[in-house]
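Any value given below was found using the heavy atoms of this structure, including those in side chains, with hydrogens, waters and symmetry copies removed. Each chain gets a letter, A, B and so on, in the order its sequence line appears, and its residues count up from 1.
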Number of protein chains: 2
Amino acid sequence: MTTDDRTTKARIRDAAIICIAHNSVADTTVRKVASVAEVSPGLVIHHYGSMEGLRDSCDTYIAASIRKQKQETIMSGANFDVMSVIRDSEVGSMGGYLASVLGDDSPAVAKLVDDLVADAEDYMEQGVESGSLVPTDNPRARATVISLWSLGALAMNKHVKRLMGVDLTNLHQNSDAALANYLNSVYEILGNGILTESVADQLRKTVSEAVAENQPDSQTTSSKQEKSSGAGGEGTS
Amino acid sequence: MTTDDRTTKARIRDAAIICIAHNSVADTTVRKVASVAEVSPGLVIHHYGSMEGLRDSCDTYIAASIRKQKQETIMSGANFDVMSVIRDSEVGSMGGYLASVLGDDSPAVAKLVDDLVADAEDYMEQGVESGSLVPTDNPRARATVISLWSLGALAMNKHVKRLMGVDLTNLHQNSDAALANYLNSVYEILGNGILTESVADQLRKTVSEAVAENQPDSQTTSSKQEKSSGAGGEGTS
DNA sequence: TCTCGTATTGAACAGTTGTTTAATAAACTA
DNA sequence: TAGTTTATTAAACAACTGTTCAATACGAGA
């Protein structure tokens, strides 16, 4: 057993990250963290002031770890995906932590997600330039949707695991067959889409018309509380 | 105000659903539910046995409500999406409830998700037959991935709202501009994909090779490799 | 060596959790 | 009508929560 050169304070934070990753934020208590870190509950508070302080430190540490990793690694245009961050992270429970934490809206997590999306937009722009990705009229919106789907799948990891046999928080130790099954579908969708051309055109036309209908003059952008006429209209009946 | 003809027991369940949808599972306590339902904490337990029993009843009720809605509504092939269920639900906080609950893995929620995915596969098959969707070698996997992305976005609703100004739990009350911005990207991705053809082919080839590489001499398992020709592929497993 | 600040602990505290109990009110049953 | 469930409440309960406190051990600097 190698000597643990981490400070006690760092060990407590790591214990908290493991607790949150393996269980959930809700039942990560002072005493459980203390037990994993093999210290007394009081010491946890002594070092981090409060449970909220500990949680903040975890978020900050995870965000810093991702930032550091992105700086050290050369990210190609094909690695626009959040999963590449998780796969190569030196923090073992990075994926599980993110999965547990994406549900609630702590400011630190919000900023982390914002940064990931912003980075994805950059990477995807590189991808367009290098010919990996097709161009788009709205790069930001596309990068945001793709990132949200990616992170959303991570937040749904329990269901992904049950339905497809793939553990997104631990990409290394999946069965090859299951992972191939999953990735093939992802690449198929991201490669060709799923809608036929005519239907896709029609859907987008419907959206544009709904906007033009409810906003005949170009005034303010926030016109809430309108009766939804064609909102969300995927229906072709 | 119309007289409330619901039974007290039903009112308590609805109060719990509202609590979970507006806050979270973790801080939906007996006393908060009792307060919303305007009853005493003890009565909540009297009717549902325990907090877990109440939660089970909520899950069951939501699942039944979705099932009922699907039976009553004619679902077209284009409505493979989960969002159509939420948009038209008579349970107001359906979307918020699902968003709050998708993170943890209660058996009832797992079954609900499984059902939604299975239905999506059916609807998408109809979509292929009607010419709305392009065919696929692996309908089950494609339906699963699409459904998980859809539900995942719902689970990420706080981030969706912050980043794109769209509230997926309340599709009716979004600004038209924001919703159009969101839907246009979704339809663009689902219509054309984002990867160029060469890259998509290469990625899928990489996946196939990785499978073949790690399982070179296993005759029995290598038969699970994806093959575009065979009928149905592994969709029946 | 003594001192002083930090690290660490175990016990205690106040607050909240889900649940139980005894009592009362209401509603059905005969 | 009387009797027996059921509905409902207020209060109490034990188990847990985060946090505080006093006491002790420890390590660096004089």
Side-chain angles (χ1 to χ4, degrees), chain A residues 1 3-61 97 100-101 103-109, chain B residues 3-62 97 100-101 103-109:
Chain A
M1 177 176 166
T3 57
D4 194 343
D5 58 345
R6 293 174 299 173
T7 67
T8 306
K9 188 173 180 181
R11 263 179 34 234
I12 292 174
R13 181 204 17 154
D14 292 349
I17 291 178
I18 288 177
C19 269
I20 292 176
H22 282 129
N23 309 317
S24 72
V25 178
D27 49 47
T28 295
T29 68
V30 219
R31 286 167 179 81
K32 284 181 188 167
V33 171
S35 162
V36 172
E38 291 178 298
V39 296
S40 69
L43 192 59
V44 175
I45 302 295
H46 168 71
H47 276 300
Y48 290 96
S50 70
M51 207 53 191
E52 193 188 346
L54 173 59
R55 170 63 201 282
D56 282 349
S57 291
C58 291
D59 284 345
T60 305
Y61 177 76
Y97 184 86
S100 291
V101 132
D104 58 37
D105 55 350
S106 90
V109 172
Chain B
T3 57
D4 196 342
D5 59 344
R6 293 174 299 174
T7 68
T8 307
K9 189 173 180 181
R11 264 181 28 238
I12 292 174
R13 184 215 339 114
D14 293 349
I17 291 177
I18 289 177
C19 270
I20 291 176
H22 281 59
N23 309 318
S24 72
V25 178
D27 49 47
T28 295
T29 69
V30 218
R31 285 165 179 83
K32 284 181 188 168
V33 171
S35 162
V36 171
E38 292 178 297
V39 296
S40 69
L43 192 59
V44 175
I45 302 294
H46 167 72
H47 276 301
Y48 290 96
S50 69
M51 207 52 191
E52 192 187 346
L54 173 58
R55 170 63 200 282
D56 282 349
S57 291
C58 291
D59 285 345
T60 305
Y61 177 75
I62 291 287
Y97 184 86
S100 291
V101 132
D104 58 37
D105 56 349
S106 90
V109 171

(message) Could you tell me how far apart B:Arg11 (CZ) and D:dA7 (P) are, to the nearest whole angstrom?
(response)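 Going from CZ in B:Arg11 over to P in D:dA7 covers 13 Å.
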
(message) What is the distance, to the nearest angstrom, from the NZ atom on A:Lys32 to the P atom on D:dC16?
(response)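 My rounded result for the distance is 10 Å.
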
[X]: partners by side chain to side chain contact (heavy atoms under 4.5 Å, CB included), with sequence neighbours left out:
| X | value |
| --- | --- |
| A:Val30 | A:Val44, A:Ile45, A:Met51 |
| A:Val25 | A:Ile20, A:Arg55, A:Val101, A:Asp104 |
| A:Ser50 | A:Glu52 |
| A:Thr29 | A:Arg31, A:Lys32 |

(message) Treating A:Arg11 as the side-chain partner and A:Ala37 as the backbone partner, does any N or O pair qualify as donor plus acceptor under 3.5 Å?
(response)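 Yes, A:Arg11 side chain to A:Ala37 backbone: donor-acceptor pair under 3.5 Å.
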
(message) I'd like to know if the side chain of A:Tyr97 and the backbone of A:His22 have a donor-acceptor N/O pair within less than 3.5 Å.
(response)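 No; zero donor-acceptor contacts below 3.5 Å.
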
(message) What range of DNA chain C does chain B touch, first nucleotide to last, counting atoms under 4.0 Å from its heavy atoms?
(response)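 Nucleotide range with atoms under 4.0 Å of chain B: C:dT17 to C:dT20.
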
(request) With B:Arg13 as the cation and B:Tyr61 as the aromatic partner, state whether NZ or CZ is under 6.0 Å from the six-membered ring centre and within 45° of the axis. (result)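 Yes, cation above the ring, under 6.0 Å and within 45°.
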
(message) Between B:Ser57 and B:Thr60, is there a side-chain heavy-atom distance shorter than 4.5 Å?
(response)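 They are not in side-chain contact.
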
Every protein N/O within reach of nucleotides 18-21 of chain D N/O, cut-off under 3.5 Å:
| unit_1 | atom_1 | unit_2 | atom_2 | d |
| --- | --- | --- | --- | --- |
| D:dG18 | OP2 | A:Val30 | N | 3.0 |
| D:dG18 | N7 | A:Arg31 | NH1 | 2.9 |
| D:dG18 | O6 | A:Arg31 | NH2 | 3.0 |
| D:dT19 | OP2 | A:Met51 | N | 2.5 |

(request) Please check the phosphate of D:dA7 (OP1 and OP2 only) for any side-chain N or O of B:Thr8 closer than 4.0 Å. (result)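 Result: no.
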
